[in-house]
Protein chains: 2
Amino acid sequence: MNRAEEDYLKQLYELSTNTQSERVKTADLSTALGHTAQSVNEMLKRLSDKNLVNYTPYHGVRLTKKGHQNAVRMIRAHRLWEVFLSDKLDLSWEALHEEAEKLEHATSEVVLDKLYTYLGKPKTCIHGNPIPTADGQVVQGATLTLAQAEPGDVFIVRRVQDHAPLLTYLQARDIALGARLSVVGHESLGDTLVVKHQNQTHRLGQSITARMFGDIET
Amino acid sequence: MNRAEEDYLKQLYELSTNTQSERVKTADLSTALGHTAQSVNEMLKRLSDKNLVNYTPYHGVRLTKKGHQNAVRMIRAHRLWEVFLSDKLDLSWEALHEEAEKLEHATSEVVLDKLYTYLGKPKTCIHGNPIPTADGQVVQGATLTLAQAEPGDVFIVRRVQDHAPLLTYLQARDIALGARLSVVGHESLGDTLVVKHQNQTHRLGQSITARMFGDIET
DNA sequence: CCTCTTTTTATGGTATACCTTAATTTTTAG
DNA sequence: CTAAAAATTAAGGTATACCATAAAAAGAGG
């Protein structure tokens with residue numbers, strides 16, 4: 001396994017988790033990774049040969065058991081490094097992702113286990129996302145998105161997707177985990193959600209609201 | 001800069017430090033990296049184009065200032081990770097090298113600085129080798145090798161080269177930093193050095209004695 | 001069922017970093 | 001000065017992982 005393959009598996013895992021469907025469309029993979037459809041197809045064939053994915057042309061890809069295991073290991077490494085970088089090295093919220101992205105590919109099983117213990121067996125990363133256990137179990141975090149909140153609701157941020165632009169955006173506006181957002185209403189035919197937070201009004205598009213998960217208080 | 005280039009620069013730095021000469025023979029690089037002379041030549045031309053080395057065919061290679069800076073940064077990362085892996089994660093002496101080898105290529109400047117502070121600004125790695133400062137200064141450690149010791153001397157181990165087989169060998173025989181080795185004599189026309197340590201007699205070849213540095217008490 | 005869109009395949013190309021085998025050049029040692 | 005040894009270059013090859021362009025196949029909707 002190398003960097004490229006690991007990235008594909010991780011991305012596949014994330015896409016199938018986000019869309020809550022096992023099968024992932026190659027076009028979506030292509031967009032997510034920023035590669036052409038042609039390149040993605042080539043790589044999927046290689047991953048298929050290695051039994052990491054199950055690829056049925058015209059019907060999407062699915063991680064095999066082996067592929068899933070590897071994907072989860074990468075996610076685990078990523079989130080554990082994020083905890084380390086934040087808790088121990090005090091890196092900024094938005095820098096975490098990029099650094100963890102590099103370290104995750106350079107971490108052996110042994111180091112991962114020791115790191116896990118050293119960090120006090122954390123259950124979630126800094127962005128609130130669950131850290132898979134060593135045997136690959138993933139505890140599902142909050143699934144309710146901010147996009148689903150209605151005017152009058154108070155939305156409490158529990159986890160956000162580890163997506164660089166989103167993190168930058170939220171950090172700049174002081175919206176962290178635990179933040180309480182009062183949903184004021186919708187704008188632009190429902191595309192934008194208007195929320196209040198600490199006397200500030202924010203207009204949030206779907207690429208933001210669909211990536212934030214939490215609880216609703218009515 | 002990528003993994004391959006970084007490895008070349010690091011190896012060049014180590015070879016020129018070990019031989020105490022600026023210029024490195026491509027044949028030595030070739031042996032150290034385990035690549036053919038042809039491959040090494042190709043790569044040296046690329047590194048030369050990028051101004052990382054100064055390559056005069058038939059007269060060896062030399063790191064440029066830029067190449068030196070990068071090499072030292074890799075050494076710094078390597079040794080800091082070793083300290084982390086040993087002090088914080090409690091990895092075994094011999095496992096350190098391999099793991100640090102991977103992490104060093106995945107570490108940004110920022111993380112390196114924070115890690116340095118977090119570890120308490122260590123001066124040497126676990127094998128006793130100096131950790132270059134952020135601005136590239138390297139404090140020279142012990143330079144006297146065990147190979148230079150004479151019968152009757154007591155050799156105190158201060159640092160050993162970060163060379164996997166050597167570390168495995170020493171760990172198996174409980175020879176750690178600070179170990180006091182009594183030099184008994186030579187064998188095989190001087191190829192082998194006979195030393196005593198904790199009631200054990202060891203016969204050490206040059207690939208071992210030339211890689212161990214320390215002080216001599218007469 | 002047929003068109004349109006999407007997806008896939010086919011071909012050929014790029015860069016990196018290795019390799020082998022075989023010349024050729026340069027250095028070095030006698 | 002010259003032959004042997006060492007270093008370099010030449011030529012062609014491999015695998016990985018991208019790319020573009022274009023053709024072909026399959027699916028989806030009316």
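Numbered from 1 within each chain, the chains take letters A, B, ... in sequence-line order. These numbers come from a predicted model, not from an experiment.
Side chains of T145(B) and Q148(B): a donor-acceptor N/O pair is present below 3.5 angstrom, by distance only.
For N41(A), no side-chain nitrogen or oxygen approaches OP1 or OP2 of dT7(C) to under 4.0 Å. Close to dA17(D), at under 4.0 Å from its OP1 or OP2, lies no side-chain N or O of S39(A). Dashed line: the shortest gap from a side-chain N or O of R46(B) to OP1 or OP2 of dA17(C) is under 4.0 Å. Taking 4.0 angstrom as the limit, T26(B) places a side-chain polar atom (N or O) nearer than this to OP1 or OP2 of dT8(D). At dA17(C), one or more side-chain N or O atoms of N2(B) fall inside 4.0 Å of OP1 or OP2 (strictly under the cut-off). The side chain of H59(A) places an N or O atom within less than 4.0 Å of a non-bridging phosphate oxygen (OP1 or OP2) of dG27(D).
The distance from atom OH of Y58(A) to atom P of dG27(D) is 8 Å, rounded to the nearest whole Å. In this structure, L33(A) places its CG atom 12 Å from C1' of dA17(D), rounding to the nearest Å. Counting to the nearest Å, the P atom of dA15(D) and the NZ atom of K45(A) are 17 Å from each other. The interatomic distance linking K25(B) (NZ) with dT26(C) (C1') rounds to 14 Å, in whole Å. A straight line from NE2 of H35(B) to C1' of dT20(C) spans 15 Å, rounded to a whole angstrom. Atom OH in Y55(B) sits about 10 Å away from atom C1' in dT9(D), given to the nearest Å. Atoms CE (M1(B)) and P (dT16(C)) sit 14 Å apart, rounded to a whole Å. Distance E42(B) CD to dA15(C) P: 15 Å, rounded to the nearest Å.
No cation-pi contact links K88(A) to F84(B), judged by a cut-off of 6.0 Å to the six-membered ring centre and 45° from its axis.
For Q38(B) against dC18(C), no side-chain N or O and base N or O form a donor-acceptor pair under 3.5 Å.
Distance alone, capped at 3.5 Å, places no donor-acceptor pair between the R158(B) side chain and the G141(B) backbone. At least one donor-acceptor pair closer than 3.5 Å links the side chain of K66(B) to the backbone N or O of K50(B). Under the 3.5 Å distance criterion, the side-chain polar atoms of S30(B) are left unmatched by any main-chain donor or acceptor of T26(B). Checking side-chain atoms of N129(B) against main-chain N and O of V160(B) turns up a donor-acceptor pair under 3.5 Å.
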**Report entry** Worked verdict on R3(A) versus D7(A) for salt bridge (charged side-chain N to carboxylate O under 4.0 Å, His left out)
**Finding:** CA-CA 6 Å; R3(A) 173 80 196 243; D7(A) 280 338; 3.1 Å; yes

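Between G34(A) and A27(B), the residue whose closest nucleotide on DNA chain D is further toward the 5' end is A27(B). DNA chain D is contacted by both P57(A) and M43(A); M43(A) maps to the nucleotide lying nearer its 5′ end (nearest heavy atom per residue).
Proximity of residues 4-24 of chain B to DNA chain C (heavy atom under 4.0 angstrom from any strand atom) is restricted to A4(B), Y8(B).
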